[in-house]
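Just so it is clear, the model here is predicted, and its values are computed rather than measured. Just so you know, residue 1 is the first one in the sequence shown, and it goes up from there.
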Amino acid sequence: MAGTTLSHGALVPSQDISQIPDGELSIREQVRQYYGSILADSDDLKTNATCCATDAPPRYVLDVMPLIDDEIMSKFYGCGSPIPPALEGCTVLDLGCGVGRDVYVLSKLVGSAGRVIGVDMTPSQLAVAQAHEEDQARRFGFDENNVEFKCGYIEDLADLGIEDESIDLVVSNCVINLTPFKEQVFREIYRVLKPGGELYFSDVFCDRRMPEALRRDPVLLGECLGGAIYLEDFRRMMARIGWASFLYTAIDDIHVSDLALETKLGFTGFTSRTVRAIKAQGLEDGEENWGQTARYLGTIPEMPRYFDLSEEIRLIKGRPVALSGNMAEMLAQSRYGAHFDISERGAHRGAFEFCRAQDAVEARRGKRAVDVTYLEEALGRIGQPSFEERVNAPAALCAPAGSETLQVNITYACNLACRHCYLECAPKSEAAMDRATMEACLKAFTAAGFTTFDITGGSPELHPDFPWFLREAARRAREAGGAVIVRTNLTLLEKLEYASLMDLFAEEGVTLVASLPYFDAEGTDAQRGNRVYERAVSAIRALNERGYGKGEGLVLDLAYNVAGPFLPPPQDMLEDLYRDELERREGVAFDHLYAFNNYPLGRFAHDLLNAGLFDEYLRLLAENFNALAVQRMMCRGQVNVDVDGRLYDCEVNHVLGLPIQLPAKDGAGKRDATVADLAAGALPERTVRTNPVCYSCAAGFGSSCGGSLVKERS
């Protein structure tokens with residue numbers, strides 16, 4: 001039992017005969033005898049089952065307690081504090097009210113316009129409660145008494161004249177376990193509650209079914225343990241009656257302080273729980289995630305700052321909080337509904353897990369970053385080692401002195417906002433490399449002995465200095481006997497103001513790597529937006545007219561990104577499929593196709609969180625680890641330059657803030673490497689800075705800026 005502290009019971013002798021109810025009596029009569037004759041006050045109890053709450057009652061309840069007569073307080077045997085807020089004007093029913101402590105607290109909270117009915121089967125207890133009716137009304141400042149006590153059985157409310165759908169709230173304080181007719185009690189509660197009405201009760205539950213001998217033990221019954229409800233049986237019973245869903249608002253461990261009772265109970269574990277069940281329509285038999293949230297308006301007088309829906313879920317004023325579909329329905333149909341702004345159902349996201357659903361909400365609000373810490377926590381949740389531990393070969397994570405490729409990210413601006421974009425580039429992004437840093441990159445390319453100049457973004461075409469930078473990069477690449485690559489989404493090239501760039505590309509012999517997520521409009525536009533496929537194909541056609549994609553020297557390569565939490569098929573097979581489909585559908589050609597694994601960062605990470613699949617995707621990557629791909633990862637042969645001139649092993653590391661580190665100039669510690677360091681020549685041999693996203697590069701066939709790292713066919 002989670003959270004239970006196992007400690008030996010107090011070394012007290014077994015009860016003498018005067019402390020044990022007559023076993024020949026019915027269960028009802030045994031309970032009546034135990035509470036009416038044997039117990040003088042709560043100090044006579046042998047366990048903390050009937051007074052086991054570890055948290056203090058809420059302030060709005062505590063504020064009423066000093067107004068309750070001392071005699072009532074001393075004879076209180078309940079557990080927990082099953083009194084919810086927002087009760088003004090309500091009709092409340094307290095089952096097993098005993099001496100009436102909770103009835104009188106409720107009397108004050110419902111106000112003079114409300115009404116409270118207390119039901120109990122023990123005349124001696126009710127006599128105490130009834131003796132204080134008029135006095136308590138005066139203490140509360142009421143002109144008339146608003147409470148009524150009825151002597152009878154909680155499983156037969158009809159006999160007491162309580163009508164169908166007449167009650168707003170039913171409470172009970174550690175009493176239902178005492179009745180042998182539990183299902184009938186809950187059926188009666190369901191009957192008398194109004195639509196949207198609430199059952200809010202505390203009671204004792206056990207973690208397994210107890211033998212019948214223990215269930216009928218007179219002292220265990222009186223101590224609320226013999227009648228404890230097995231949690232799974234309780235769930236099934238509630239579902240049969242009509243409560244397909246309910247919540248626990250408090251869970252406390254119960255400790256047995258009597259040696260004789262402890263010996264009888266053995267391994268059975270007990271908890272005191274407070275249950276919230278709303279009589280709502282349209283509930284499912286499980287908690288499902290529909291992407292819904294609730295924002296507390298702070299309008300419940302007793303709780304201006306927050307509202308605790310369950311033990312796990314606290315709704316703080318003004319903040320959206322993730323809810324399951326059932327929770328949203330229960331809130332909306334209850335008296336609480338007016339105090340919340342509840343969002344509509346969206347797409348189904350699988351089973352509801354609060355922490356994961358709330359992560360998605362916080363990510364959408366910009367309050368939750370999928371950073372190194374979050375990724376490492378996720379690895380821990382799925383039981384996978386760090387990437388470095390998995391590789392377990394330091395030499396494989398070592399980048400040699402000098403690199404072939406200088407990859408330069410010149411802007412985050414992009415005319416699209418694609419769902420797979422881990423850089424979160426967008427039309428409104430203003431981050432761009434300044435002219436001085438671009439000039440430093442050109443010098444660094446030559447000084448450090450690079451052969452490939454890889455220009456990327458965003459949409460690099462949007463940078464105002466792009467034509468100049470491209471010409472200079474192409475010149476230096478030719479001088480080095482290498483090549484210049486431009487990564488494009490193609491769609492800008494069909495615009496009149498950018499169309500001339502296609503002639504520039506051809507003139508400079510630029511290799512183009514063009515993103516095309518799928519070979520038809522439906523698949524492409526779902527990732528990238530309306531008419532993206534149409535515009536991209538138009539650009540490919542224009543490039544084909546200039547000689548690109550014909551196998552004649554001007555290289556046009558396409559890039560495929562998966563649309564969900566899965567790995568791409570073999571790159572060679574996918575290339576053949578793309579080639580056939582694009583030729584058949586559009587009459588266009590290309591040279592090669594690159595298949596990329598998606599990184600669990602940026603917008604794709606948000607989509608994973610929204611779908612409740614972040615951990616599953618990370619597990620997929622880790623479980624498909626390919627050691628052969630590690631030896632070919634791009635970080636071992638390239639240096640990435642961010643817009644501010646800092647150097648990284650790869651683009652992922654600049655998203656995660658993990659720059660290449662060099663010794664500080666004063667010899668003490670380390671500093672971030674910048675493009676200025678390359679002016680003195682190639683970087684020395686270094687250990688690549690790894691993180692959990694490295695599993696993306698090493699999963700399946702591997703993934704890099706040049707596509708798959710492990711080919712299915714030679």
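Separation of atoms OG1 (T524) and CZ (R531) is listed at 13.5 Å; rounding is to 0.5 Å. One distance of note links SG of C697 with CE of M633; it measures 6.0 Å at 0.5 Å rounding. Between atom CZ of residue R349 and atom CG of residue D607 there is a gap of 9.5 Å, rounded to the nearest 0.5 Å.
Nearest heavy-atom pair, Q292 versus S324, reported as atom, atom and distance to 0.1 Å: OE1-O, 4.4 Å. C650 approaches M634 most closely through the heavy-atom pair CB-CE, 4.4 Å. When all heavy atoms of L678 and A447 are compared, the pair lying nearest together is O-CB, 3.5 Å.
At most 12 non-hydrogen atoms from other residues, nucleotides or ligands lie less than 6.0 angstrom from CD of E404. Within 6.0 Å of CD in E522 there are 12 or fewer heavy atoms belonging to other residues, nucleotides or ligands.
With hydrogens and angles disregarded, no donor-acceptor distance shorter than 3.5 Å links the side chain of D465 to the backbone of W468. Without hydrogens or angle criteria, Y578 side chain to Y518 main chain gives a donor-acceptor distance under 3.5 Å. Between the side chain of R487 and the main chain of I485, no donor-acceptor pair closer than 3.5 Å is present. A side-chain donor-acceptor contact under 3.5 Å links R390 to the backbone of A622.
In this structure, the side chains of F701 and L567 stay at 4.5 Å or more apart for every pair of heavy atoms. When side chains are defined from C-beta on, N489 counts as touching S459, because their heavy atoms get closer than 4.5 Å. A 4.5 Å side-chain heavy-atom check between L501 and L492 finds every atom pair outside the cut-off. Put simply, the side chain of C694 does not reach to within 4.5 Å of the side chain of L397, judged on heavy atoms. Looking only at side-chain heavy atoms (C-beta outward), L608 and N598 stay at 4.5 Å or farther from each other. Side-chain contact between D672 and Q661 is present, with heavy atoms from C-beta onward closer than 4.5 Å.
Sorted by first then second residue, the ring pair (Phe, Tyr, Trp, His ring centres under 6.0 Å) pairs that include residues 429-463, not counting sequence neighbours, are F445-F453, F453-F469. Legend: side chain to side chain donor-acceptor pair (under 3.5 Å) pairs involving residues 688-706, not counting sequence neighbours, sorted by first then second residue: N653-N691. The ring pair (Phe, Tyr, Trp, His ring centres under 6.0 Å) analysis of residues 629-648, with sequence neighbours excluded, yields the pairs Y648-H654. Among residues at least two apart or in separate chains, there is no ring pair (Phe, Tyr, Trp, His ring centres under 6.0 Å) pair with a member in residues 521-574.
Applying the side-chain contact (heavy atoms from CB on, under 4.5 Å) test to A369 and every residue at least two apart in sequence or in another chain returns D371.
Side-chain contact annotation: Q407 with N640, donor-acceptor N/O pair under 3.5 Å present. Side-chain atoms of N326 and E287 form a donor-acceptor pair, as typed in the model, at a separation below 3.5 Å. Residues E461 and T488 have side chains that bring a donor and an acceptor to within less than 3.5 angstrom of each other.
Salt bridge status for R476 with E479: absent, with no side-chain N to carboxylate O gap under 4.0 Å. The pair R356-E616 meets the salt-bridge criterion, with a side-chain N (NZ, NE, NH1 or NH2) lying under 4.0 Å from an Asp/Glu carboxylate O. The existence of a salt bridge linking R579 and E575 is confirmed by a sub-4.0 Å separation between a basic side-chain nitrogen and an acidic carboxylate oxygen.
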Just list the side-chain donor-acceptor pairs under 3.5 Å for residues 505-517, sequence neighbours left out, or say none.
{"from": "E508", "atom 1": "OE1", "to": "R478", "atom 2": "NH1", "distance (Å)": "2.8"}
{"from": "E508", "atom 1": "OE1", "to": "R478", "atom 2": "NH2", "distance (Å)": "3.4"}
{"from": "S515", "atom 1": "OG", "to": "R528", "atom 2": "NH1", "distance (Å)": "2.5"}

